[in-house]
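In what follows, a structure is listed as structure tokens, so that the remarks can point back to it.
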Amino acid sequence: MDKKYFLTGIGTSVGKTIVAAVLTKLWDACYWKPIQSGDLDNTDSMTVRQLLGDQVRIFPERYKLITPASPHYAASLDGIAMKVADFQLPNPAGNLIVEGAGGLHVPINEDELIIDLIEHLSLETIIVCSDYLGSINHSLLSFESLANRGIPVAYIVLNGNFNKSTRRILTARKPAEAEIITIPHLTSVDAFGLQHALQELKIEH
């Protein structure tokens with residue numbers, strides 16, 4: 001069965017794009033970033049292309065917004081009435097990684113959130129966690145939000161270095177169906193760092 005997942009994070013700057021590139025390479029998947037907010041000269045799709053080369057199939061963004069801000073605000077500045085119904089899942093043969101913007105409760109418009117987009121696309125999720133002050137709270141809230149919607153979690157990604165206590169709590173409280181992927185801290189964000197991450201990656205069943 002093909003692997004098609006929506007990759008989200010417990011917040012901003014937890015390494016979603018790097019993790020997306022690693023998993024795209026691991027599973028020989030295609031990649032899609034539905035919403036890009038700001039940094040249009042250095043988008044997440046460009047980063048994945050730089051890391052993986054021309055062999056990966058990258059679908060174009062549905063929306064490329066000028067301002068580096070929450071999608072709802074960036075869209076309003078661009079005069080765009082963005083809504084969940086605008087998004088249709090690409091249907092490639094094989095595996096697909098869809099990367100979200102920020103966390104689950106990032107607004108797309110005044111009424112709809114990223115979690116609504118996940119539900120609309122009918123995808124299982126991958127949650128990227130990193131270890132920082134407040135990350136346990138953010139992680140557990142994300143787990144609970146998905147459980148309340150009945151959205152399955154296929155994998156929890158522990159990205160980078162983790163305190164043993166933090167790891168223990170997240171492992172004990174993760175969704176029952178989720179497996180844990182451990183990815184080491186990348187010493188360099190390039191093809192060499194990506195290869196190192198793939199070599200050191202671990203999946204706990």
Side-chain angles (χ1 to χ4, degrees), residues 1-35 44 48 84 87 89-90 92 94-106 113-186 194 196-205:
M1 182 180 295
D2 292 338
K3 297 176 181 287
K4 290 183 169 63
Y5 301 117
F6 194 105
L7 188 144
T8 187
I10 62 171
T12 306
S13 301
V14 295
K16 289 192 304 299
T17 301
I18 300 303
V19 171
V22 170
L23 297 182
T24 296
K25 179 69 173 180
L26 178 69
W27 293 326
D28 191 24
C30 302
Y31 172 87
W32 183 40
K33 174 87 173 185
I35 305 170
D44 292 339
V48 172
V84 161
F87 298 87
L89 191 67
N95 304 325
L96 175 67
I97 299 294
V98 180
E99 182 186 347
L104 292 168
H105 289 264
V106 166
L113 311 170
I114 290 292
I115 194 170
D116 296 308
L117 177 59
I118 298 172
E119 205 165 41
H120 170 72
L121 296 174
S122 299
L123 291 175
E124 293 184 83
T125 55
I126 297 172
I127 306 177
V128 180
C129 306
S130 62
D131 195 358
Y132 57 86
L133 185 62
S135 64
I136 293 175
N137 180 54
H138 295 161
S139 297
L140 299 188
L141 286 172
S142 296
F143 299 167
E144 186 173 316
S145 291
L146 290 166
N148 288 341
R149 294 287 192 101
I151 298 172
V153 180
Y155 298 97
I156 304 295
V157 178
L158 303 183
N159 184 34
N161 301 321
F162 270 76
N163 178 283
K164 289 182 179 179
S165 175
T166 302
R167 182 188 175 93
R168 187 166 58 248
I169 289 173
L170 297 189
T171 300
R173 294 178 177 270
K174 71 175 180 64
E177 74 275 13
E179 299 180 60
I180 293 179
I181 298 176
T182 302
I183 295 178
H185 173 71
L186 266 67
L194 182 80
H196 172 72
L198 286 165
Q199 291 171 348
E200 298 297 321
L201 180 148
K202 297 177 182 177
I203 301 179
E204 299 176 24
H205 298 282

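The structure displayed is predicted, hence computed values, not measured ones.
For the pair Val157/Leu7, no side-chain contact is recorded, criterion being any heavy-atom separation below 4.5 Å from C-beta on. Residues Leu96 and Leu89 are in side-chain contact: their nearest non-hydrogen atoms beyond the backbone lie under 4.5 Å apart. Put simply, the side chain of Ile127 reaches to within 4.5 Å of the side chain of Val153, judged on heavy atoms. Two residues are said to be in side-chain contact when any heavy atoms from C-beta on lie closer than 4.5 Å; Leu170 and Leu140 meet this criterion. At a threshold of 4.5 Å between non-hydrogen side-chain atoms, the residues Ile10 and Ser135 count as touching.
Taking the ring-ring contact (aromatic ring centres under 6.0 Å, His included) definition, one finds that Tyr5 meets it with Trp27, Tyr155, sequence neighbours left out. Annotation: side chain to side chain donor-acceptor pair (under 3.5 Å) contacts of Glu204 (sequence neighbours excluded): Arg167. Every residue meeting the side chain to side chain contact (heavy atoms under 4.5 Å, CB included) condition with Asp2, not counting sequence neighbours, appears here in chain and number order: Lys4, Asn95. In this view, Phe162 satisfies the ring-ring contact (aromatic ring centres under 6.0 Å, His included) rule with no residue, not counting sequence neighbours. Here Glu179 pairs with His205 under the side chain to side chain donor-acceptor pair (under 3.5 Å) rule; sequence neighbours left out. Every residue meeting the side chain to side chain contact (heavy atoms under 4.5 Å, CB included) condition with Ala101, not counting sequence neighbours, appears here in chain and number order: Pro71, Ile114. A search for side chain to side chain donor-acceptor pair (under 3.5 Å) contacts involving His105 returns Ser145, not counting sequence neighbours. In this structure, the side chain to side chain contact (heavy atoms under 4.5 Å, CB included) partners of Asn163, at least two apart in sequence or on a different chain, are Asp131, Ser165, Thr166. Among residues two or more places apart in sequence or in another chain, the side chain to side chain donor-acceptor pair (under 3.5 Å) test is passed with Thr12 by none. With sequence neighbours left out, the side chain to side chain contact (heavy atoms under 4.5 Å, CB included) criterion links Leu141 to Asn137.
Pairs passing the side-chain hydrogen bond (donor to acceptor under 3.5 Å, both in side chains) check and including a residue from residues 168-177, sequence neighbours excluded, do not occur. For residues 118-130, every residue pair satisfying the side-chain hydrogen bond (donor to acceptor under 3.5 Å, both in side chains) rule, not counting sequence neighbours, is listed here: Glu119-Arg149.
Taking CG of Asp28 as the start and CG of Leu23 as the end, the distance is 13.0 Å to the nearest 0.5 Å. Ile203 contributes atom CD1, which lies 5.5 Å from atom CG of Leu26 (distance to the nearest 0.5 angstrom). A distance of 5.0 Å separates CG in Leu104 from CD1 in Ile115, rounded to the nearest 0.5 Å. Rounded to the nearest 0.5 Å, atoms SG (Cys129) and CD1 (Ile181) are 11.5 Å apart. The line from CD1 of Ile136 to CD1 of Ile169 is 4.0 Å long, rounded to the nearest 0.5 Å.
Across all their heavy atoms, Pro175 and Ile156 have their closest contact at CD-CD1, 4.2 Å. Residues Ile97 and Ala29 share a closest heavy-atom pair of CG1-CB, 4.1 Å.
The backbone N or O of Gly100 lies less than 3.5 Å from a partner atom in the side chain of Lys33, making a donor-acceptor pair.
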